[in-house]
> 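Handing you this structure, nothing more for now.
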There are 2 protein chains.
Amino acid sequence: MAIMRDIAELHEPEALARLVSYRIRLVQIAAYKTFEARVSGHGPAPRYYGMLKLIEANPGVPQARLAEAIFLDRSSLVPILQELEREGWLERRAAPQDRRVRRVFLTPEGAGRLVALERAVEEHEARLTAGLSAEDLETLHRLLLRLDDNLRDVQAGRV
Amino acid sequence: MAIMRDIAELHEPEALARLVSYRIRLVQIAAYKTFEARVSGHGPAPRYYGMLKLIEANPGVPQARLAEAIFLDRSSLVPILQELEREGWLERRAAPQDRRVRRVFLTPEGAGRLVALERAVEEHEARLTAGLSAEDLETLHRLLLRLDDNLRDVQAGRV
DNA sequence: TATTGTTATACTCTATAACTATA
DNA sequence: TATAGTTATAGAGTATAACAATA
């Protein structure tokens with residue numbers, strides 16, 4: 001990184017600055033990079049925090065349902081689960097009633113480690129949302145959920 | 001895609017649903033995929049729409065400044081610019097006053113094609129933000145910009 | 001016939017390191 | 001010494017296609 005160089009920022013045209021899709025993309029890229037840079041000591045888990053919380057809340061979820069929930073092809077999920085299983089975060093058990101299925105569970109150790117990871121996530125969240133009032137946060141959630149709904153309509157072909 | 005299968009959705013725990021970072025990540029992934037799926041006929045340009053608008057607003061920007069603006073290493077930008085140059089969107093000219101620098105400009109053809117692309121972008125934006133009032137949009141922008149500011153503070157080491 | 005999990009494979013995107021030419 | 005652009009290279013992360021097992 002240069003230190004003494006003149007860093008005149010580029011002009012961001014109004015047609016760009018006005019786009020919610022553009023701003024959300026920039027914020028999410030920066031938030032993700034910041035999170036990965038700040039959180040260490042949890043192995044490969046931080047990037048899968050959301051998935052691990054979903055497994056915790058849905059013990060025994062089949063791999064295919066999990067893949068859908070996080071918008072991944074089920075083949076893409078395989079090496080991820082294999083790594084997290086190898087590292088002791090989760091385990092997979094064959095389902096007796098449908099022997100095609102493997103059900104995913106957190107290990108007790110994984111559940112414990114997830115508590116520590118959650119603290120790091122909450123710290124990151126606090127830095128991200130610093131200065132927002134409780135009302136701001138509620139409004140932001142409401143608006144983001146509306147965007148989410150709109151996108152589901154598009155994906156479902158309803159729009 | 002299965003059609004008749006039972007698609008019981010996973011339970012999303014409150015600790016996850018409450019996270020702005022989680023919701024923004026999901027929305028941005030879905031928005032980006034929707035955009036890529038819907039916009040065709042513009043070659044490789046759609047994913048670089050933001051960068052092309054920045055070039056348009058900052059004609060002659062050096063490659064290195066452009067890379068910083070979109071959070072890319074300058075080496076990562078090279079093949080992108082080469083492709084867009086090959087496809088006629090932009091051109092690069094050596095800077096006489098500093099012969100290390102190559103200045104980036106839209107071609108007249110690129111500027112024209114960007115108008116058509118912009119229409120597609122605006123349609124996507126309209127689908128994304130459907131149902132939001134003008135006041136909602138203004139609030140959303142204000143809150144997202146605050147998140148952006150917070151992240152810049154973190155990246156600059158001020159937090 | 002359809003679904004689940006898996007493998008092999010390839011493609012996209014990105015960063016790092018090393019190089020050159022310039023300043 | 002530092003910066004700009006480039007190349008070679010490697011590593012993530014992802015999807016597609018094909019397969020066996022099972023429903």
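A, B, ... follow the sequence lines: proteins, then strands. Residue 1 opens every chain.
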> Which residue pairs pass the side chain to side chain donor-acceptor pair (under 3.5 Å) test with at least one member in residues 102-114 of chain A, sequence neighbours excluded?
A:Glu109-A:Arg113
> Residues in side-chain hydrogen bond (donor to acceptor under 3.5 Å, both in side chains) with A:Asp73, at least two apart?
A:Ser75
> Enumerate the residues from residues 20-38 of chain B whose closest heavy atom to DNA chain C is under 4.0 Å, giving them by residue number; use none for an empty result.
none
> Output yes when B:Arg93 and B:Glu91 qualify as a salt bridge under the 4.0 Å nitrogen-oxygen rule, no when they do not.
yes
> Roughly, in whole Å, what's the span from CG in A:Leu77 to P in D:dT14?
10 Å
> What pairs of residues pass the ring-ring contact (aromatic ring centres under 6.0 Å, His included) test when at least one of them lies in residues 133-152 of chain B, not counting sequence neighbours?
none
> For A:Glu56, check salt bridge (Lys or Arg N to Asp or Glu O under 4.0 Å) against everything at least two apart and list the hits.
A:Lys53
> For residues 77-87 of chain A, tabulate all N or O donor-acceptor pairs below 3.5 Å that involve a side-chain atom, not counting sequence neighbours.
residue, atom, partner, partner atom, Å
A:Glu85, OE1, A:Arg92, NE, 3.2
A:Glu85, OE1, A:Arg92, NH2, 3.0
A:Glu85, OE2, A:Arg92, N, 3.1

> How does each nucleotide of nucleotides 18-23 of chain C score, in 5' to 3' order, for protein heavy atoms under 4.0 Å: base (B), sugar-phosphate only (S), or none (-)?
---BBS
> What's the closest nucleotide to the A:Gln63 side chain, out of D:dT16, C:dT6, D:dT6?
C:dT6
> Is any side-chain N or O of B:Ser75 under 3.5 Å from a base N or O of C:dT14, one able to act as donor and the other as acceptor?
no
> Determine the contact category for B:Leu72: base if any of its heavy atoms lies under 4.0 Å from a base atom, sugar-phosphate if only primed atoms, P, OP1 or OP2 are that close, otherwise nothing.
sugar-phosphate
> With a 4.0 Å heavy-atom cut-off, tell me which residues in residues 78-92 of chain B come close to DNA chain C, sorted by residue number.
none
> Tell me, please, which residues at least two apart from A:Glu135 pass salt bridge (Lys or Arg N to Asp or Glu O under 4.0 Å).
none
> Could you tell me if the side chain of A:Leu147 sits less than 4.5 Å from the side chain of B:Leu132, heavy atoms only?
yes
> Can you list the residues that meet the side-chain hydrogen bond (donor to acceptor under 3.5 Å, both in side chains) rule with B:Arg74, with sequence neighbours excluded?
none
> Whole Å only: how far is the CD1 atom of B:Ile70 from the C1' atom of C:dA15?
14 Å
> Considering residues at least two apart in sequence or located in another chain, which fulfil the side chain to side chain contact (heavy atoms under 4.5 Å, CB included) criterion with A:Ala126?
none
> Determine all donor-acceptor pairs shorter than 3.5 Å in which one atom belongs to a side chain in residues 24-37 of chain B; sequence neighbours excluded.
residue, atom, partner, partner atom, Å
B:Lys33, NZ, A:Phe71, O, 3.1
B:Thr34, OG1, B:Ala30, O, 2.7
B:Glu36, OE1, B:Arg47, NH2, 3.0

> Whole-Å distance between D:dA4 P and B:Asp73 CG?
12 Å
